[in-house]
2 protein chains.
Amino acid sequence: MKRKITLKQIAKELGVSIGTVSKALKGSHEISEETKEKIQAFAKYYNYKPNNIALSLKNRKTKTIGIIIPEIVHHFFTRVIQGIEHLANKKGYNVIVGLSNESFDKEVINMEMLASGSIDGFIMSISKETLLKQDYHHLNETINQGMPIVMFDRVVSEIRCDKVIIDDVEAAKKAVNKLIANNCKHIALITTMDYISVGRLRTQGYIEALNKHEITTEANLILKVDDKLVSEDYIDVLEKEIKALFLMNPNIDGVFAVNELYAVTAMKAARNLGKRIPEDLQVIGFTDGVLSRHATPSLSTVTQYGHKIGEVAASLIIEKIESESSEDPVRTVVIETELIERESTK
Amino acid sequence: MKRKITLKQIAKELGVSIGTVSKALKGSHEISEETKEKIQAFAKYYNYKPNNIALSLKNRKTKTIGIIIPEIVHHFFTRVIQGIEHLANKKGYNVIVGLSNESFDKEVINMEMLASGSIDGFIMSISKETLLKQDYHHLNETINQGMPIVMFDRVVSEIRCDKVIIDDVEAAKKAVNKLIANNCKHIALITTMDYISVGRLRTQGYIEALNKHEITTEANLILKVDDKLVSEDYIDVLEKEIKALFLMNPNIDGVFAVNELYAVTAMKAARNLGKRIPEDLQVIGFTDGVLSRHATPSLSTVTQYGHKIGEVAASLIIEKIESESSEDPVRTVVIETELIERESTK
DNA sequence: TTGTAAGCGTTATCAG
DNA sequence: CTGATAACGCTTACAA
């Protein structure tokens with residue numbers, strides 16, 4: 001077990017100075033061909049690789065990007081990570097992941113840990129608890145210290161940083177319009193509490209779509225799921241709530257859900273009540289994950305192109321990291337969405 | 001935009017030496033209360049945080065763990081990451097993720113990148129291509145350089161390192177035994193090619209279970225899916241192959257699939273052929289992911305406790321990292337599995 | 001053509 | 001009690 005070899009050791013071994021070795025390995029023309037070859041051969045033989053940490057310290061750049069997200073089990077987030085990773089690697093960056101677990105404290109701690117030297121910039125989607133508390137001091141501090149941040153998905157407009165989002169209102173409208181076009185008369189909405197920005201915006205899109213078609217929105221067709229308590233029986237509770245919704249409003253013939261889990265659970269509840277999909281009930285979800293694709297019937301859904309979002313976020317952050325001027329304007333990139341029609345709609 | 005503050009700056013600002021500042025901030029009793037307070041107050045005000053990179057260089061420890069996995073979209077892997085992250089964070093470690101994308105070259109590059117200083121140890125599941133080539137030089141080199149590795153899931157026994165696995169043979173037996181007990185007479189197997197160790201072992205378990213019950217294994221009831229080509233229509237192809245299997249062998253009344261995707265797709269194919277689940281056909285999958293839970297009918301499956309696997313892997317690697325002796329024996333930890341019975345079996 | 005030395009931010013040892 | 005110095009591994013301007 002030989003420890004990793006360093007310039008110093010090579011220098012000693014070959015009886016030259018450490019500076020010479022450094023230059024030789026970079027192929028500097030300051031060094032004679034002869035010594036260059038000798039040094040390079042030696043380095044290759046011992047599989048020399050410069051120590052990243054030393055480089056980081058010297059350059060004050062780590063060439064790594066920190067990702068902070070609430071949860072990794074959501075398919076959407078894994079797609080985004082994939083996208084980030086893909087582009088980052090291409091540009092020679094590494095990616096370090098911190099999970100906030102939807103907790104404010106963990107988000108803060110994780111960010112502080114990474115911000116002190118480990119990374120050059122953050123890409124993040126903030127936790128529910130942070131959203132609830134509306135305490136963004138950690139974000140502002142990081143930015144003030146010259147560390148760039150790119151937010152995606154759950155963004156907050158007050159923060160002065162680049163953002164990558166989708167047009168949630170438009171996307172929701174697209175979905176609801178489709179249901180209306182398909183002749184749904186009583187469209188239910190299954191959404192999150194309003195403090196989740198994306199949920200709120202999708203709700204807004206739902207309402208706007210109905211309004212435009214002069215359909216009155218009925219409060220009892222809107223189910224706002226309180227998922228603060230992600231417990232064991234979370235799904236059972238959800239299914240019961242949805243079932244109650246259907247029972248109270250037997251005329252529901254369309255459902256728009258703000259994520260795929262809600263949508264799939266709605267399908268399940270509906271089927272248990274003897275409703276056929278899409279004949280009696282049409283369903284559209286949000287986010288194109290494994291569930292949507294492999295559900296039976298497969299779920300029509302609004303796809304968010306998570307991979308694309310990740311790539312754009314990565315390119316934005318790298319651009320910021322590598323730009324000299326610390327004061328360029330903040331940008332917000334809107335990534336398109338698409339309605340994918342599958343078996344749950346006619 | 002003030003750059004992050006350093007000991008040097010504090011020292012200059014306060015007119016003391018840099019060493020004094022360092023000691024004062026660690027609460028050393030060498031320093032007078034007075035100066036300590038002064039320095040600490042100042043540091044707090046400017047939100048001083050020691051620079052991790054400098055510490056890493058000094059201590060030759062980065063306090064971060066590298067994870068190399070083939071893909072992040074598999075629910076099982078995200079559970080493992082979660083587990084690793086959880087335990088690692090608790091012990092003050094960060095986690096850096098590298099995706100090999102099932103490619104040998106990317107695996108090698110990623111490892112080399114991380115191995116040169118960025119991390120203290122690896123936790124990994126190796127790519128299909130590496131398995132196919134059986135070229136493990138990068139693993140051996142890393143280990144030889146004194147960097148510990150813990151393998152999980154797709155392990156290779158030749159490599160001298162700690163491993164966290166499940167007993168695939170036993171787990172598969174458990175599943176098949178269940179089907180037999182449930183009165184299935186013609187049990188099909190949907191598995192991977194043999195070079196994937198977990199697939200091979202689960203296949204072996206299937207055969208052993210049948211043998212023990214003196215059921216002859218019929219070659220045409222075994223479908224080995226060649227998923228080298230993960231293309232767009234991968235799923236369609238899969239579904240067609242499974243459909244063909246059912247058509248050729250109409251007497252199939254049980255299916256054991258080595259992952260949840262195969263299982264869910266089998267259910268879909270079966271239903272399209274008019275088979276009822278579980279009345280006409282019982283299905284058991286492997287890995288308890290979102291698909292299993294939210295499929296209709298929900299899927300009986302062997303759960304692998306990915307979170308647990310991650311935690312154990314993390315604790316093994318941290319132990320190795322922090323142990324002085326470089327020559328302790330290699331351990332293989334077997335994590336239990338459990339058969340979860342849901343709606344797809346009687 | 002090669003070597004020297006400063007510096008990146010810390011900590012630890014040893015003098016003062 | 002405080003300060004100077006070396007060291008971690010590397011790059012680079014400058015000196016030899």
Side-chain angles (χ1 to χ4, degrees), chain A residues 2-40 42-43 46-64 113 115-120 145-147, chain B residues 2-40 42-43 46-64 113 115-120 145-147:
Chain A
K2 41 193 179 175
R3 262 235 157 285
K4 296 223 66 185
I5 196 164
T6 67
L7 288 189
K8 203 196 222 177
Q9 296 168 47
I10 300 184
K12 194 168 71 181
E13 216 60 44
L14 260 41
V16 293
S17 89
I18 179 171
T20 307
V21 178
S22 173
K23 285 175 195 156
L25 290 178
K26 313 196 94 61
S28 159
H29 41 263
E30 286 182 34
I31 308 294
S32 75
E33 278 308 319
E34 195 190 1
T35 29
K36 253 199 287 198
E37 271 168 32
K38 185 178 64 178
I39 292 177
Q40 286 173 350
F42 189 91
Y46 281 102
N47 193 24
Y48 170 79
K49 291 266 163 31
N51 180 320
N52 284 332
I53 293 292
L55 287 181
S56 297
L57 187 59
K58 177 126 249 296
N59 307 328
R60 284 115 143 276
K61 299 236 153 159
T62 64
K63 283 269 188 180
T64 109
M113 193 153 175
S116 28
S118 311
I119 60 154
D120 296 335
Q145 293 183 0
M147 163 113 25
Chain B
K2 34 185 185 178
R3 263 233 157 285
K4 295 221 65 185
I5 196 164
T6 68
L7 288 187
K8 202 196 219 177
Q9 294 167 48
I10 300 184
K12 194 167 74 180
E13 216 60 46
L14 259 41
V16 293
S17 90
I18 180 172
T20 308
V21 178
S22 175
K23 286 174 194 157
L25 290 178
K26 312 196 93 60
S28 161
H29 42 262
E30 285 182 36
I31 308 293
S32 75
E33 278 308 318
E34 197 189 2
T35 28
K36 255 200 285 199
E37 271 168 31
K38 186 178 65 179
I39 292 176
Q40 286 174 349
F42 189 91
Y46 282 102
N47 193 25
Y48 170 78
K49 292 266 163 31
N51 180 321
N52 285 332
I53 293 292
L55 288 180
S56 297
L57 185 58
K58 180 128 244 299
N59 306 327
R60 285 113 142 274
K61 299 236 153 160
T62 62
K63 283 269 189 181
T64 107
M113 192 152 176
S116 28
S118 311
I119 61 156
D120 296 336
Q145 293 184 358
M147 164 117 20

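Within every chain, numbering begins at 1; the chains are lettered A, B, ... in the order of the sequence lines, protein sequences first and strands thereafter. Just so it is clear, the values below take in all heavy atoms, side chains as well, and ignore hydrogens, waters and symmetry mates.
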Side-chain touch [X]/[Y], heavy atoms, less than 4.5 angstrom:
X: A:Tyr46; Y: A:Ile10; answer: no
X: B:Phe42; Y: B:Ile5; answer: yes
X: B:Lys63; Y: B:Leu55; answer: no
X: A:Thr62; Y: B:Ile53; answer: yes

Between [N] atom [atom2] and [X] atom [atom1], what is the distance in whole Å?
X: B:Leu57; N: D:dC8; atom1: CG; atom2: P; result: 9 Å
X: A:Asn59; N: D:dT11; atom1: CG; atom2: P; result: 8 Å
X: B:Lys23; N: D:dC1; atom1: NZ; atom2: P; result: 12 Å
X: A:Ile31; N: C:dT4; atom1: CD1; atom2: C1'; result: 13 Å
X: B:Ile39; N: D:dG3; atom1: CD1; atom2: C1'; result: 12 Å
X: A:Lys58; N: C:dA6; atom1: NZ; atom2: C1'; result: 8 Å
X: A:Glu33; N: C:dT2; atom1: CD; atom2: P; result: 10 Å
X: A:Glu34; N: C:dT2; atom1: CD; atom2: P; result: 8 Å

Donor-acceptor check, side chain of [X] to backbone of [Y], threshold 3.5 angstrom: yes or no?
X: B:Ser116; Y: A:Asn52; value: no
X: A:Lys61; Y: A:Asp120; value: no
X: B:Asn51; Y: A:Gly117; value: no

Roughly how far apart are B:Thr6 OG1 and B:Ile18 CD1, rounded to 0.5 Å?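 Going from OG1 on B:Thr6 over to CD1 on B:Ile18, the span is 7.0 Å.
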In Å, rounded to the nearest 0.5 Å, how long is the span from NZ of A:Lys23 to CG of A:Leu25?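 Rounded to the nearest 0.5 Å, the NZ-CG separation comes out at 12.5 Å.
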Shortest side-chain distance from A:Lys26, nucleotide among D:dC10, D:dT11, D:dC14: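 Closest of the options to the side chain of A:Lys26: D:dT11.
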Nucleotide nearest B:Ser22 when distance is taken to its side chain, options C:dT10, D:dG9, C:dT11: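 Output: C:dT11.
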If you assign B:His29 and A:Lys49 each to the DNA chain D nucleotide with the nearest heavy atom, which residue ends up on the more 5' nucleotide?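 Its nearest nucleotide lies further toward 5', so the answer is B:His29.
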Hey, which of these two, B:Lys36 or B:Ala54, hits DNA chain D nearer its 5' end, going by closest nucleotide?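 Looking at DNA chain D, the more 5' nearest nucleotide goes with B:Lys36.
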Please state whether the phosphate of [N], meaning OP1 or OP2, lies under 4.0 angstrom from any side-chain nitrogen or oxygen of [X].
X: B:Ser32; N: D:dT2; answer: yes
X: B:Thr35; N: D:dT2; answer: yes
X: A:Tyr48; N: D:dG9; answer: no
X: B:Arg60; N: D:dA7; answer: no

Walk me through whether B:Met147 and B:Ile119 qualify under side chain to side chain contact (heavy atoms under 4.5 Å, CB included). CA-CA 9 Å; B:Met147 164 117 20; B:Ile119 61 156; 3.9 Å; yes
So if I take residues 7-21 of chain B and measure heavy-atom distances to DNA chain D, which residues fall below 4.0 Å?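 Residues of residues 7-21 of chain B under 4.0 Å from DNA chain D: B:Val16, B:Ser17, B:Thr20.
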Between the axis at one end of the helix from C:dT1-D:dA16 to C:dG16-D:dC1 and the axis at the other (five pairs apiece), what's the angle to 10 degrees?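 That helix has its two terminal axes inclined by roughly 70°.
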